[in-house]
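The sequence lines fix the lettering, A, B, ..., with proteins before strands; numbering per chain opens at 1.
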Amino acid sequence: MEVSAVCLSATTSASASVSPFLSFFGARKIRERGRTLTSLSVAVQETQAPTTDSAATTSSTSNSRGSLSVRTRFNSPVRRSSIDEVKACSDPVSALSRVEGVLQVQDFNIILRHFGESRRWSEISQCIGLTNAIPLQTVEIHIFDWMQNCGKINFASYSSFFKYMGLSRNPNKALEIYYGIPDKSLKVNVSVCNSILGCMMANGRFDSSLKLFELMKDDGLSPDLVTYSTLLSGCIKAKHGYSKATQLVKELQNKGLSMDSVTYGTLLAICASNNLCNEAEMYFTQMKNEGHSPNVFHYSSLLNAYSGEGKYLKAEKLVNEMKASGLAPNKVTLTTLLKVYARGHLFEKSQELLSELETLGYAADEMPYCIIMDHLAKAGHLLEAKKIFAQMKEKDVKSDGYSYSIMISALCRDGSLNEAKELAKDFEKKFDKYDLVIVNNLLRAYCNAGDLESVMHMLKKMDGLSINPDWNTFHILIKYFCREKLYHLAFKTIEDMNGKGHQLNETLFSQLLSGGGFRSNCNKSEVLSCSPLVMGFPSEAFSIYNMLRYSKRTLCKSLHQRMFSILVRAGLLKDAYVVMKDNSQSLSAKSLEKFAMSFMKSEYFGLIICISKLFVLLFPSDKDVFSTTVSRYIATPAKKDLLLHLLKWMSVLGYCVDSSSRNLLLKNAHLFGNKQIIAEILSKQHGMSRKNKTNKT
DNA sequence: TTAGGGTTAG
């Protein structure tokens with residue numbers, strides 16, 4: 001999906017999105033360029049008019065660099081005030097046009113950065129009343145478009161622009177602009193590349209960022225250490241981040257680059273997030289050996305890596321080493337040490353450290369409490385966790401709702417469903433901050449407690465807050481809707497989930513088909529007979545079955561059988577045929593025959609032939625299906641060509657019709673126009689079969 | 001005042 005985003009953007013030109021201003025600015029640009037090209041010396045003389053400095057005049061005419069320095073010197077106050085004017089203006093683009101002749105590219109860059117640094121993404125009149133979903137009409141884009149259109153742009157402008165597009169979460173806009181850069185050398189400028197790669201990484205576009213990096217190298221980019229450290233930063237949260245990171249490290253070393261303290265810091269974080277404490281230790285040692293002194297971040301990351309395996313002795317030793325080196329452990333370091341204890345189930349030590357954090361003033365927010373509570377609850381000490389939660393509230397510790405989230409989830413796991421629901425309600429009363437994890441926890445609590453009203457309310461809230469459901473959300477809802485026998489809602493949710501690119505869990509679907517709610521002990525007869533869900537919605541079930549099939553996974557055999565039986569039973573024979581076509585090996589002979597016999601009554605004459613062929617191949621000695629086929633075509637002579645085709649096909653493969661079908665065909669041969677044709681085919685088959693029998697004996 | 005990083009919670 002990410003890759004397609006890249007391709008999509010590649011085909012969109014930057015100018016396509018530019019407003020009616022385009023023609024105006026385009027004309028202006030040409031005029032300005034003409035002026036610059038034809039009368040540079042005049043312009044320089046104009047700027048020098050107030051002075052008699054002949055040395056400046058000389059330097060200005062000698063080379064362009066000289067003229068720039070003169071302009072800078074002479075116009076500084078004017079330029080400064082012009083820059084300030086634009087900064088202060090409520091309509092910066094119109095102000096830009098006013099000062100266009102006075103300012104230079106670097107001045108416009110200063111203006112661009114001013115709006116970027118003050119994070120004024122949406123400070124423009126058009127944006128009022130618009131939601132965050134339409135973030136493109138932001139101040140810096142207008143300024144930037146203007147700069148582009150007027151040719152007041154250089155590598156630094158692009159570099160800054162991409163950085164702000166990253167911060168304002170507009171990686172697509174950044175890509176669009178990047179692909180629209182007309183100057184090829186600018187496109188592989190290392191700063192420009194580093195900046196857009198950073199923008200992508202900051203927005204979770206790890207895969208497409210790496211892909212873009214490869215394209216950039218093909219186009220002539222020479223990556224530097226900043227490039228690699230940018231790419232490495234994306235490895236922290238990426239799947240298989242560590243192996244990608246080692247590839248990148250090899251690559252940078254092959255290019256003759258050496259890692260610095262920044263790169264090592266990133267690597268340590270990657271190791272920690274992948275629970276690779278040996279690798280973290282290795283990089284930590286290597287870094288020291290190369291003469292880089294670890295700082296508090298390096299220590300904290302290694303400490304974090306120790307938490308994965310509860311290596312508390314090593315962790316304590318590291319903290320001592322850190323102190324000995326003259327670095328004081330900070331709030332994060334000690335909280336991380338607390339995490340080491342908690343993950344190692346050393347709850348007494350964690351509690352002691354928590355008291356220490358409280359004394360130091362490092363426990364003003366809920367994080368250390370959260371760590372202990374979560375691990376206590378997961379280790380089966382729910383009561384202890386509740387005590388910490390109560391203690392936290394008593395001390396009026398600042399909460400952002402994480403502790404509620406942890407406790408709600410713990411109560412759900414424990415089966416304390418009403419308590420979980422009450423806490424969820426409590427959360428909603430106290431906090432107005434929702435994110436996906438808390439939403440999922442609240443939904444789970446309401447679903448478990450069977451509170452449909454709250455579930456629906458929550459879903460509306462998600463819509464309002466533009467919180468997109470994830471795989472978990474969908475699964476929580478689907479299970480709940482099924483349990484409540486709200487099958488139609490369940491199917492709608494599954495379709496929605498599929499549309500959003502999430503794969504349905506096969507086991508969950510299997511349970512859905514069984515219709516036995518979500519009991520794991522459904523027996524076979526229940527599966528086939530008590531399926532209210534599926535009997536009510538066989539088409540929907542089939543559409544979900546197709547979702548699973550197209551997700552390129554190998555489905556378990558019983559699922560095909562189950563789907564097939566349901567479709568045959570519901571009379572959806574054409575759909576059943578689709579299942580049978582690719583999975584006849586997974587279907588029982590009995591169900592196939594039942595299907596074929598039902599199918600013979602249908603109007604799908606072409607498919608009837610296909611089914612007969614399949615039966616000839618699978619069950620050569622079966623006579624029922626074939627003779628039913630013959631009867632069906634005799635009753636419908638208009639389709640006689642299809643039957644003739646079948647008979648010829650059998651002859652070619654050496655199959656022979658059974659005697660009763662043979663008699664039936666001969667008796668009705670007149671229906672096929674020319675009696676001879678049938679007689680010839682049958683006698684040919686008969687002759688071949690006698691020959692075969694003789695050969696066998 | 002061109003671009004990079006890193007530590008703790010659900």
Side-chain angles (χ1 to χ4, degrees), chain A residues 83 105-114 116-117 154-163 166 189-199 201-202 223-236 259-273 280 283 287 294-307 322 329-340 342-343 357 362-363 365-375 377-378 392 399-410 412-413 427 435-442 444 472:
Chain A
I83 291 171
V105 178
Q106 60 266 42
D107 302 323
F108 293 111
N109 288 344
I110 291 173
I111 293 167
L112 184 65
R113 286 195 299 272
H114 166 77
E117 291 306 315
N154 63 11
F155 73 96
S157 328
Y158 283 112
S159 215
S160 299
F161 177 73
F162 293 144
K163 175 177 158 185
N189 172 289
V190 70
S191 304
V192 172
C193 290
N194 290 346
S195 183
I196 182 126
L197 291 172
C199 164
M201 285 301 185
D224 63 8
L225 196 59
V226 176
T227 322
Y228 286 104
S229 97
T230 303
L231 296 174
L232 281 169
S233 74
C235 296
I236 298 170
M259 296 199 281
D260 62 4
S261 156
V262 172
T263 328
Y264 277 115
T266 315
L267 277 173
L268 286 168
I270 296 167
C271 294
S273 64
Y283 282 122
M287 179 181 92
N295 63 21
V296 67
F297 294 101
H298 296 112
Y299 278 108
S300 297
S301 287
L302 180 56
L303 208 54
N304 195 23
Y306 287 144
S307 75
M322 181 182 174
N330 63 13
K331 186 170 93 173
V332 178
T333 322
L334 294 177
T335 309
T336 310
L337 181 61
L338 189 142
K339 181 181 159 184
V340 179
R343 283 185 79 156
L357 286 169
Y362 289 166
D365 67 44
E366 61 187 334
M367 201 182 290
Y369 300 93
C370 285
I371 295 170
I372 296 186
M373 277 160 42
D374 191 38
H375 286 100
K378 283 180 179 157
M392 201 195 103
S399 169
D400 286 322
Y402 283 93
S403 48
Y404 283 74
S405 186
I406 289 164
M407 286 312 292
I408 291 166
S409 138
C412 284
R413 275 198 307 270
F427 172 91
D435 62 22
L436 188 55
V437 181
I438 188 72
V439 160
N440 283 346
N441 275 327
L442 296 174
R444 192 179 287 125
N472 282 319

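- The residue A:Asp224 sits close to a base: some heavy atom pair falls under 4.0 Å.
- Only one option out of A:Leu334, A:Val296, A:Leu337 pairs with A:Pro329 in a side-chain contact (heavy atoms from CB on, under 4.5 Å); it is A:Leu334.
- In this structure, the side chains of A:Leu436 and A:Asn472 stay at 4.5 Å or more apart for every pair of heavy atoms.
- Using a 4.0 Å heavy-atom distance criterion, A:Ile196 is classed as making no nucleic acid contact.
- Looking at heavy-atom distances under 4.0 Å, A:Ser157 makes no contact with the nucleic acid at all.
- Side-chain contact between A:Asn194 and A:Asp224 is present, with heavy atoms from C-beta onward closer than 4.5 Å.
- As judged by a 4.0 angstrom heavy-atom cut-off over every strand, A:Thr227 is placed among residues making no nucleic acid contact.
- Separation of the P atoms belonging to B:dG5 and B:dT1 is 15 Å when rounded to the nearest angstrom.
- Among the atoms of the strands shown, base atoms are found under 4.0 Å from some heavy atom of A:Ile438.
- Taking the side chain as every heavy atom from C-beta outward, A:Tyr228 and A:Thr263 never approach each other to under 4.5 Å.
- Straight-line distance between the P atoms of B:dG6 and B:dT2: roughly 22 Å, to the nearest whole Å.
- Residues A:Tyr369 and A:Ser403 form no side-chain contact, since every pair of their non-hydrogen atoms from C-beta on lies 4.5 Å or further apart.
- Among the protein residues, A:Asn154 comes within range of no part of the nucleic acid, since none of its heavy atoms lies under 4.0 Å from any strand.
- Two residues are said to be in side-chain contact when any heavy atoms from C-beta on lie closer than 4.5 Å; A:Glu117 and A:Lys163 meet this criterion.
- Residue-level contact check: A:Ile110 touches the bases, meaning some heavy atom is under 4.0 Å from a base atom.
- In terms of the side chain to side chain contact (heavy atoms under 4.5 Å, CB included) criterion, residue partners of A:Ala272 (sequence neighbours excluded) are, by chain and number, A:Asn304, A:Ala305.
- Across all strands, A:Asp260 comes closer than 4.0 Å to base atoms (heavy-atom distances).
- Note that the first and last nucleotides of DNA chain B, 5' to 3', having any atom under 4.0 angstrom from a heavy atom of chain A are B:dT1 to B:dG10.
- The separation of B:dT8 from B:dG4, taken at their C1' atoms, amounts to 23 Å, rounded to a whole angstrom.
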